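One structure is given here, and the rest of the page talks about it.
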Amino acid sequence: MEQALVTSIDHDRSVAKLTVSDIPDRPGVAAELFEAVAAAGVPVDIILQNVSHDGLAAISFTVMRPDAAAARAAADGVAAGHVTLDDGVHVVTVEGAGFSDDGRVASLVFATLAASSMNIEMISASAVRITCVVTGDDVDGALAALRTAFAL
């Protein structure tokens, strides 16, 4: 890359991902879910709602691993959804500036993670950050590969 847009690459191994699937795709369901999680005192980080199929949707979100059981208990039964918990995920974050002006950053992040056999389950992006929830056995190798790809 010509410009050094990326300034840091970090990770978090202490997260869990919850997915509430088969919930009605209607206004208020997300509010109901996150009101229940908030009432349990669980902070939420990344949130992703999937595209609706046949009137049903899925919402995935991350929490700190120690809060996962409380989040799952709070989410159980919300809008008759089915809750799954995955505590084998990691969060990888690439930070810098001007990401929205240069698609090469996202492309290189995703290609590097793929080459490191890291499956991307969730993506959150802004002009200064790309955060990926990933699964795979070698997050350290993926981080090293990202640092090499961005010359950090």
Side-chain angles (χ1 to χ4, degrees), residues 5-100 103 105-114 116-143 145-147 150 152:
L5 296 175
V6 174
T7 57
S8 70
I9 297 170
D10 204 357
H11 67 286
D12 189 348
R13 299 172 195 262
S14 62
V15 298
K17 180 187 77 158
L18 287 95
T19 299
V20 185
S21 56
D22 300 327
I23 54 177
D25 186 18
R26 61 171 169 72
V29 173
E32 182 182 345
L33 170 62
F34 291 105
E35 285 169 359
V37 173
V42 177
V44 174
D45 188 20
I46 302 166
I47 301 170
L48 173 71
Q49 179 169 334
N50 298 317
V51 176
S52 174
H53 294 287
D54 300 322
L56 298 174
I59 298 176
S60 295
F61 59 98
T62 60
V63 300
M64 298 305 293
R65 201 170 286 149
D67 295 327
R72 183 177 191 155
D76 272 335
V78 170
H82 174 72
V83 181
T84 57
L85 170 64
D86 184 353
D87 61 2
V89 299
H90 308 282
V91 173
V92 174
T93 301
V94 176
E95 293 186 273
F99 289 2
S100 60
V105 175
S107 175
L108 187 53
V109 168
F110 304 147
T112 302
L113 290 172
S116 299
S117 298
M118 301 302 290
N119 187 46
I120 300 172
E121 295 199 0
M122 297 171 71
I123 301 167
S124 174
S126 71
V128 298
R129 179 178 298 138
I130 298 172
T131 300
C132 299
V133 176
V134 297
T135 59
D137 293 331
D138 189 15
V139 72
D140 291 327
L143 292 167
L146 283 167
R147 289 183 179 116
F150 289 103
L152 294 178

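Here the structure is a predicted model, which is why all the values come from computation and not from measurement.
Put simply, the side chain of Asp67 reaches to within 4.5 Å of the side chain of Pro43, judged on heavy atoms.
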Please test Leu113 against Leu146 for side chain to side chain contact (heavy atoms under 4.5 Å, CB included), starting from the C-alpha separation and ending with a verdict. CA-CA 8 Å; Leu113 290 172; Leu146 283 167; 3.9 Å; yes
Passes side chain to side chain contact (heavy atoms under 4.5 Å, CB included), Leu18 versus Thr84? Steps please. CA-CA 6 Å; Leu18 287 95; Thr84 57; over 6 Å; no
Could you walk me through whether His11 and Val91 pass the side chain to side chain contact (heavy atoms under 4.5 Å, CB included) check? CA-CA 5 Å; His11 67 286; Val91 173; over 6 Å; no
Passes side chain to side chain contact (heavy atoms under 4.5 Å, CB included), Leu143 versus Val92? Steps please. CA-CA 8 Å; Leu143 292 167; Val92 174; 4.0 Å; yes
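For the residue pair Ser14/Asp12, the side-chain donor-acceptor check at 3.5 Å is satisfied.
How far CG of Leu85 is from CZ of Arg65: 9.5 Å, rounded to the nearest 0.5 Å.
Smallest separation of non-hydrogen atoms from Phe150 and Val105: CZ-O, 3.8 Å. Across all their heavy atoms, Leu5 and Phe99 have their closest contact at O-CE1, 3.8 Å. Closest non-hydrogen pair, Ala75 versus Val20, comes out as CB-CG2, 4.0 Å.
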For residues 127-137, which side-chain donor-acceptor pairs fall under 3.5 Å, sequence neighbours excluded?
from: Arg129; atom 1: NE; to: Glu95; atom 2: OE2; distance (Å): 3.2
from: Arg129; atom 1: NH2; to: Glu95; atom 2: OE2; distance (Å): 2.7
from: Thr131; atom 1: OG1; to: Thr93; atom 2: OG1; distance (Å): 3.3

Sequence neighbours excluded and cut-off under 3.5 Å, please list the side-chain donor-acceptor pairs for residues 53-62, or say none.
from: Ser60; atom 1: OG; to: Thr19; atom 2: OG1; distance (Å): 2.7
from: Thr62; atom 1: OG1; to: Ile46; atom 2: N; distance (Å): 3.1

Name each donor-acceptor pair under 3.5 Å that joins a side chain in residues 116-125 to protein atoms two or more places apart or in another chain, with its distance.
from: Ser116; atom 1: OG; to: Thr112; atom 2: O; distance (Å): 3.0
from: Glu121; atom 1: OE1; to: Lys17; atom 2: NZ; distance (Å): 2.4

